[in-house]
K.L.:
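Questions regarding the structure given below will be posed in turn.
Note that the structure is predicted; figures quoted are calculated from it, not measured. For the single chain, residues carry numbers from 1 onward in sequence order.
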Amino acid sequence: QVRLVESGGGLVQAGGSLSLSCAASGSTFSFYAIEWYRRAPAKQRELVGTINVSGSTHYADSVKGRFTISRDNAKSMAYLQMNSLKPEDTAVYYCSTGPGVWGQGTRVTVSS
């Protein structure tokens, strides 16, 4: 069973950048596609983007061109680089390897 721990959240001004990390343990990281989700206050969970085992990425339209997902299989890490942040990016961000497998999340707050 893989275990995930997100980190890197914080408070940033609009237009700024943050880099989130997702540390995996307990299983072979390279076997898994990684999904990044976010849940904003009073909103449903939203899929931000994914990276498959080959490194191919897919992004939600709301973050395309601003966010970049990457992975380092040797370190069992995935990353979410967020640039040009907007107040509407404020949310708790989670990484996942599939249904029911989540970290505890890391909070991102973007001030206007």
Side-chain angles (χ1 to χ4, degrees):
Q1 178 88 15
V2 66
R3 292 177 295 276
L4 303 170
V5 178
E6 302 92 340
S7 62
L11 173 64
V12 63
Q13 288 188 331
S17 298
L18 277 176
S19 181
L20 306 185
S21 298
C22 172
S25 61
S27 188
T28 304
F29 178 75
S30 60
F31 289 174
Y32 297 95
I34 301 297
E35 303 167 324
W36 282 96
Y37 288 85
R38 65 187 181 187
R39 186 188 294 272
K43 292 188 177 180
Q44 289 190 335
R45 186 179 62 203
E46 175 189 16
L47 177 63
V48 173
T50 63
I51 185 165
N52 69 11
V53 296
S54 301
S56 296
T57 54
H58 174 82
Y59 300 96
D61 288 343
S62 58
V63 306
K64 199 172 294 182
R66 300 187 298 121
F67 289 13
T68 302
I69 298 173
S70 60
R71 65 190 297 160
D72 185 336
N73 289 337
K75 296 182 178 179
S76 296
M77 296 287 295
Y79 306 97
L80 177 64
Q81 177 65 41
M82 305 185 295
N83 299 326
S84 301
L85 283 161
K86 305 175 181 179
E88 51 263 43
D89 295 319
T90 294
V92 178
Y93 286 72
Y94 303 87
C95 59
S96 173
T97 57
V101 183
W102 304 90
Q104 83 291 348
T106 186
R107 185 176 301 276
V108 172
T109 303
V110 184
S111 63
S112 57

K.L.:
Please determine whether residues Val101 and Phe31 belong to a single hydrophobic cluster, defined as Ile, Leu, Val, Met, Phe, Trp and Tyr linked transitively by side-chain heavy-atom distances below 4.5 Å.
P.N.:
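Yes, it is one cluster - the side chains of Val101 and Phe31 are joined through contacts under 4.5 Å.
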K.L.:
Looking at Thr68, is its backbone amide N or carbonyl O close enough to the side chain of Gln81 to form a donor-acceptor pair, meaning the two atoms are under 3.5 Å apart?
P.N.:
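The answer is no, because no donor-acceptor pair under 3.5 Å joins these two groups.
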K.L.:
Surrounding CD of Gln1 (heavy atoms of other residues, nucleotides or ligands, distance under 6.0 Å), is the total greater than 12?
P.N.:
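No, because the 6.0 Å sphere around CD of Gln1 holds 12 heavy atoms or fewer from other groups.
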K.L.:
Could you tell me the separation between the CD atom of Gln13 and the OG atom of Ser112, rounded to the nearest 0.5 Å?
P.N.:
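The distance works out to 9.5 Å.
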K.L.:
With rounding to the nearest 0.5 Å, note down the distance linking CZ in Arg107 to OG1 in Thr90.
P.N.:
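Here the rounded value is 9.5 Å.
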K.L.:
So which atom in Leu85 and which in Val12 form the shortest heavy-atom distance, rounded to 0.1 Å?
P.N.:
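Between these two residues, the closest heavy atoms are CD1-CG1, 3.6 Å.
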K.L.:
How many angstroms lie between atom OG of Ser76 and atom CZ of Arg3, to the nearest 0.5 angstrom?
P.N.:
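Rounded to the nearest 0.5 Å, the OG-CZ separation comes to 11.5 Å.
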K.L.:
Can you see which heavy atom on Thr57 is nearest to which on Ile69, and at what distance?
P.N.:
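The pair with the smallest heavy-atom distance is CG2-O, 3.5 Å.
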K.L.:
Report yes or no: does Gln104 contribute a side-chain atom to a donor-acceptor pair with the main-chain N or O of Val5 at less than 3.5 Å?
P.N.:
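Judged by distance alone, no pair lies under 3.5 Å.
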K.L.:
Is there a path of hydrophobic side-chain contacts, each under 4.5 Å between heavy atoms, that joins Tyr79 and Val92?
P.N.:
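No; tracing contacts between hydrophobic side chains, which count when under 4.5 Å, never links both residues.
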K.L.:
Only distances under 3.5 Å count here; give the side-chain donor-acceptor pairs of residues 36-49 to other protein atoms, sequence neighbours excluded, each with its distance to 0.1 Å.
P.N.:
{"unit_1": "Tyr37", "atom_1": "OH", "unit_2": "Glu35", "atom_2": "OE1", "d": "3.4"}
{"unit_1": "Arg38", "atom_1": "NE", "unit_2": "Glu46", "atom_2": "OE1", "d": "2.8"}
{"unit_1": "Arg38", "atom_1": "NH1", "unit_2": "Asp89", "atom_2": "OD1", "d": "2.9"}
{"unit_1": "Arg38", "atom_1": "NH1", "unit_2": "Tyr93", "atom_2": "OH", "d": "2.9"}
{"unit_1": "Arg38", "atom_1": "NH2", "unit_2": "Glu46", "atom_2": "OE1", "d": "3.2"}
{"unit_1": "Glu46", "atom_1": "OE2", "unit_2": "Ser62", "atom_2": "OG", "d": "3.0"}

K.L.:
To the nearest 0.5 Å, how far apart are CG in Leu4 and OH in Tyr94?
P.N.:
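Answer for the CG-OH pair, Leu4 versus Tyr94, is 13.0 Å.
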K.L.:
Over all heavy atoms of both residues, which pair between Ser30 and Arg71 is shortest? Give the atoms and the distance, please.
P.N.:
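Between these two residues, the closest heavy atoms are CA-NH2, 3.9 Å.
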K.L.:
Minimum heavy-atom separation for Val53 and Ala33, please, with both atom names.
P.N.:
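Of all heavy-atom pairs spanning Val53 and Ala33, the closest is CG1-N, 3.9 Å.
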K.L.:
From Phe29 CZ over to Lys75 NZ, what is the distance, rounded to the nearest 0.5 angstrom?
P.N.:
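So the CZ of Phe29 and the NZ of Lys75 are separated by 12.0 Å.
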K.L.:
Please find the pair of heavy atoms, one from Cys95 and one from Ile34, that lie closest to each other, and give the distance.
P.N.:
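For Cys95 and Ile34, the tightest heavy-atom pair comes out as CB-CG2, 4.4 Å.
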K.L.:
Within this structure, what is the CE-CG distance for the pair Met82 and Leu18, rounded to the nearest 0.5 Å?
P.N.:
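Going from CE on Met82 over to CG on Leu18, the span is 4.5 Å.
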K.L.:
For Ser17 and Ser84, which heavy atoms make the closest approach, and how far apart are they?
P.N.:
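So the two residues come closest at OG-N, 4.3 Å.
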K.L.:
Keeping Ser96 on the side-chain end and Trp102 on the backbone end, is there a donor-acceptor pair under 3.5 Å?
P.N.:
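No.
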